[in-house]
Amino acid sequence: MAYKLLSEPIRKYIREKRWDKLRPIQAAAIPKILETNNHYILASHTASGKTEAAFLPIISKVNFNEVGVQVLYISPLIALINDQFKRIEDLCKNLEIDVTKWHGEANRSLKKKLIKDPQGIVLITPESIEAMFVNAPYNVVTLFKNLKFIVIDEIHSFLGVDRGLQLMSLLFRLKERTNAQFAIIGLSATIGNENFLEIKKITGDVERTKVLVDKTKKITKAYFKYFENKGKEYGLDLLKDLYLETNHSKTLVFPNSRAKTEEIAVKLRRISDKVGGHKNYFSHHSSVDKEIRESVENFAKTNERFNFCISCTSTLELGIDIGTVDKVVQIDSTFSVSSLVQRIGRSGRKEGESSNVIIYTTTKWSFLQSLACWGLYEKDFLEPLRISEKAYDILLHQLLSIAKQNSGIKQAELINFIILNPVFKLIRQNEVEEIIEECLKLEYLEKIRDEIILGLEGEYIVNSKDFYSVFKTEENFKVSSQGRKIGEMPFSPQIEVGENILLAARIWKIKDVDFNSNKIEVIPANDGKPPTYSGTGGNIHPEIRKEMFRILKSNFSYPELNENCKSILEELRFEFKHFTINDFSRDVPIVLKENSILVYTFSGSKINKSIKFIFAILGYESLLDENNSSLDINSNLDDLKGIFTSNIKSKIDLDLAIKEALLENKTFLNFSKWGVYLPVFYQIEIIKDRYFDFDGAYSFLEKSRLVLQDI
DNA sequence: GACCTGCTGCGGGCTG
């Protein structure tokens with residue numbers, strides 16, 4: 001049915017590919033895209049043919065003889081653009097449609113050629129769109145004035161993050177600048193019912209956006225193993241077991257940090273060398289050199305014969321094509337259910353194959369958390385994500401970008417343009433005015449007669465290559481060996497001549513350090529330590545903690561646990577045996593200690609941080625342990641009960657406390673690259689909006705009942 | 001107790 005609607009060249013393409021039938025998401029999308037002008041979100045699991053579901057009907061529908069770029073494909077990753085380029089070019093090969101890559105590493109003369117003769121399909125990143133607006137806004141019109149479709153790949157990766165807000169703003173600016181009438185097609189992995197409304201908001205027109213979902217779920221087999229970690233590094237028992245588990249298959253191992261990724265890769269390789277196993281052990285994360293990463297991806301994708309093991313971080317979570325793997329190993333719990341879903345989806349990618357995951361854990365609370373994530377995965381729960389409605393920091397970034405783009409814009413016009421942008425819908429006009437006033441005062445912007453232009457400080461900020469992205473990056477040392485790039489590592493005391501490090505699944509000795517140009521020269525060595533990388537800690541969703549609580553208080557037995565896991569679960573359940581819990585949403589176990597009280601909140605990280613902050617305002621210091629979601633509060637029982645039962649909200653001045661905390665500790669705002677340029681009042685607002693969850697914390701304190709152990 | 005993502009313009013040197 002859907003097949004017949006496609007144009008003849010596309011049907012020919014399908015016949016040549018010998019596809020016997022269209023995939024479900026393709027069959028659903030083709031008639032909708034061909035016959036309506038709606039925006040669509042195509043949600044379907046990895047490797048289910050989403051790219052073709054969008055491009056088969058788009059190429060059928062669009063007349064590529066018209067002047068101007070007809071289709072703009074936006075991707076969060078350069079690597080994905082390079083992957084998709086091959087697929088889309090293959091689709092277009094008999095149709096004389098030009099496909100052009102447009103990102104920071106793409107060929108410049110091909111970009112120039114496109115500007116001279118704008119046509120076909122362009123593959124781009126959000127930052128490159130931003131750069132075009134800032135440096136060559138006339139090109140935006142030349143290229144895109146006749147645009148018919150925008151395809152956004154991995155659109156879920158933009159949901160609930162600053163980069164998504166930037167993308168929303170850019171989509172609006174694109175439409176306003178070019179007057180083009182385009183439809184938006186978002187491609188997404190599973191997003192969960194909870195997120196349909198939020199993901200529709202990205203197009204800027206919820207009413208016109210429809211979601212098409214393929215709910216087919218693959219069978220997943222999971223097995224849990226437990227090896228208590230005693231030292232800093234993994235124990236030999238775990239490594240040996242992991243080796244036997246992985247040496248006869250194609251495997252991905254996810255150990256949750258770059259340092260541990262290196263440790264696993266190097267140590268498994270060493271075991272393999274000793275027993276004469278295969279040598280295909282790799283590490284893959286952001287600090288491994290790009291070319292090495294590409295060669296690892298390529299090995300996995302093209303090699304049929306040999307087994308391999310890639311130890312990796314979330315770099316291999318998104319849609320980069322690495323072919324099929326037999327098995328996924330997770331070491332200690334993921335920080336979210338959606339991360340677990342993506343990682344599991346990496347195995348058994350062929351239709352009809354089941355996915356296989358083995359979960360190793362090394363601490364009892366990590367074990368419980370991973371069991372909770374697995375339980376929620378089976379119940380089809382995914383963390384709900386929320387588009388920030390008062391993104392004053394992104395607003396400031398876009399103000400500077402728009403000022404540069406227009407080189408002179410009337411103040412009223414600038415304000416109006418911001419107000420009309422759906423991404424800033426809930427920011428009031430007087431707030432925009434106030435932020436502009438502050439920008440004028442600090443010379444980010446300047447007013448000449450009634451026109452706004454970039455100020456001196458603003459020029460300095462916008463003319464940096466760091467301007468185009470809304471996320472922060474750390475500065476690193478570049479590591480190379482005899483002219484060959486290995487990767488990067490951040491500054492640490494470990495950077496010293498003679499020290500040995502692990503990187504790109506190999507051991508190296510530092511031969512030379514150049515502190516002026518941040519370069520490290522290394523030679524191969526035999527033994528070393530993983531480099532230390534710093535991170536800030538993730539946010540666990542409350543539902544994961546609730547599930548942990550439920551598991552603790554249930555008698556359910558899990559066939560997917562090995563004997564060690566079973567006894568750890570018993571141990572944990574025994575610890576909580578004497579708490580009588582009637583209502584998981586209200587009852588809070590507490591333990592009286594000598595000078596403090598231990599409160600098991602079983603709530604999310606943001607709520608925990610907020611509760612700690614509230615207690616600090618009230619004069620009670622506390623220690624937060626995110627492993628078991630507990631707060632050890634320096635308080636007595638009467639005080640604690642008082643705080644839990646009274647209306648705390650009215651008694652504290654949150655804004656004042658955050659202001660003081662900000663003065664004391666500037667790193668508070670580290671999550672926001674552009675927040676530092678805002679007036680303090682707005683900094684406080686974004687901290688409340690994105691760092692904390694005070695509504696969640698107040699509601700927790702109000703409804704909770706403290707439960708002591710039965711005697 | 002974390003992970004990830006992106007990038008201009010210009011000038012100089014080299015290659016085809």
Side-chain angles (χ1 to χ4, degrees), chain A residues 74-82 101-106 108-109 111-112 124-137 139 153-154 156-167 170 229 232 254-261 283-288 290 293 311-320 330-336 338-340 342-343 361-363 365-366 369-370 397 401 404 459 461-474 476 488 490 532-540 544 605 608-609 624-630 670-671 673:
Chain A
I74 304 174
S75 151
L77 303 177
I78 289 178
L80 198 56
I81 288 183
N82 296 342
K101 290 189 262 191
W102 190 295
H103 55 65
E105 294 166 14
R108 280 195 217 176
S109 44
K111 291 187 196 169
K112 277 183 195 155
I124 202 165
T125 59
E127 287 75 14
S128 283
I129 302 177
E130 187 81 68
M132 202 186 289
F133 269 114
V134 168
N135 297 307
N139 281 345
D153 209 350
E154 306 274 7
H156 58 282
S157 73
F158 292 107
L159 193 55
V161 296
D162 293 350
R163 210 173 173 205
L165 303 170
Q166 179 190 25
L167 177 62
L170 290 170
N229 227 5
K232 240 184 168 182
F254 289 94
N256 286 352
S257 81
R258 285 173 284 177
K260 286 181 171 154
T261 294
S283 77
H284 193 289
H285 55 80
S286 66
S287 297
V288 173
K290 218 165 193 161
R293 277 156 70 178
S311 179
C312 56
T313 60
S314 51
T315 46
L316 286 185
E317 238 175 59
L318 277 185
I320 302 168
Q330 175 64 42
I331 305 184
D332 284 323
S333 181
T334 55
F335 300 95
S336 67
S338 47
S339 182
L340 183 66
Q342 300 247 20
R343 291 174 184 190
T361 50
T362 64
T363 71
W365 285 97
S366 177
Q369 187 177 316
S370 66
H397 177 253
S401 178
K404 171 86 177 188
E459 286 281 354
I461 298 167
V462 176
N463 290 337
S464 150
K465 71 175 162 71
D466 203 31
F467 179 72
Y468 312 105
S469 70
V470 293
F471 50 83
K472 267 192 183 174
T473 41
E474 50 183 349
N476 285 322
E488 299 187 330
T532 42
Y533 298 98
S534 62
T536 46
N539 287 318
I540 313 277
I544 294 177
S605 310
N608 287 344
K609 279 191 280 192
L624 172 60
D625 185 348
E626 275 289 313
N627 296 307
N628 58 16
S629 187
S630 73
N670 267 358
F671 66 92
K673 179 166 161 184

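Chain letters run A, B, ... following the sequence lines, proteins first, then strands; residues in each count from 1. Keep in mind that this is a model prediction, so the values were computed, not measured.
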Check your understanding: With a non-hydrogen cut-off below 4.0 angstrom, is A:Q369 in contact with a base, only sugar-phosphate, or nothing?
Key ->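 Touches a base.
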
Check your understanding: Is any side-chain heavy atom of A:E127 less than 4.5 Å from a side-chain heavy atom of A:F471?
Key -> yes

Check your understanding: What pairs with A:E459 under side chain to side chain contact (heavy atoms under 4.5 Å, CB included), at least two apart in sequence or on another chain?
Key ->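 With sequence neighbours excluded, A:E459 shows a side chain to side chain contact (heavy atoms under 4.5 Å, CB included) to A:K404, A:L454, A:N463, given in chain and number order.
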
Review point. Side chains of A:D625 and A:S630: donor-acceptor distance under 3.5 Å anywhere?
Key: no

Check your understanding: Does the side chain of A:T315 pick up a donor-acceptor pair with the side chain of A:H284 at under 3.5 Å?
Key -> yes

Point to revise | B/S/- contact track for nucleotides 4-13 of chain B, protein heavy atom under 4.0 Å | key: SBBBBBB---

Point to revise | Salt bridge A:K673-A:D466, side-chain N to carboxylate O under 4.0 Å | key: yes

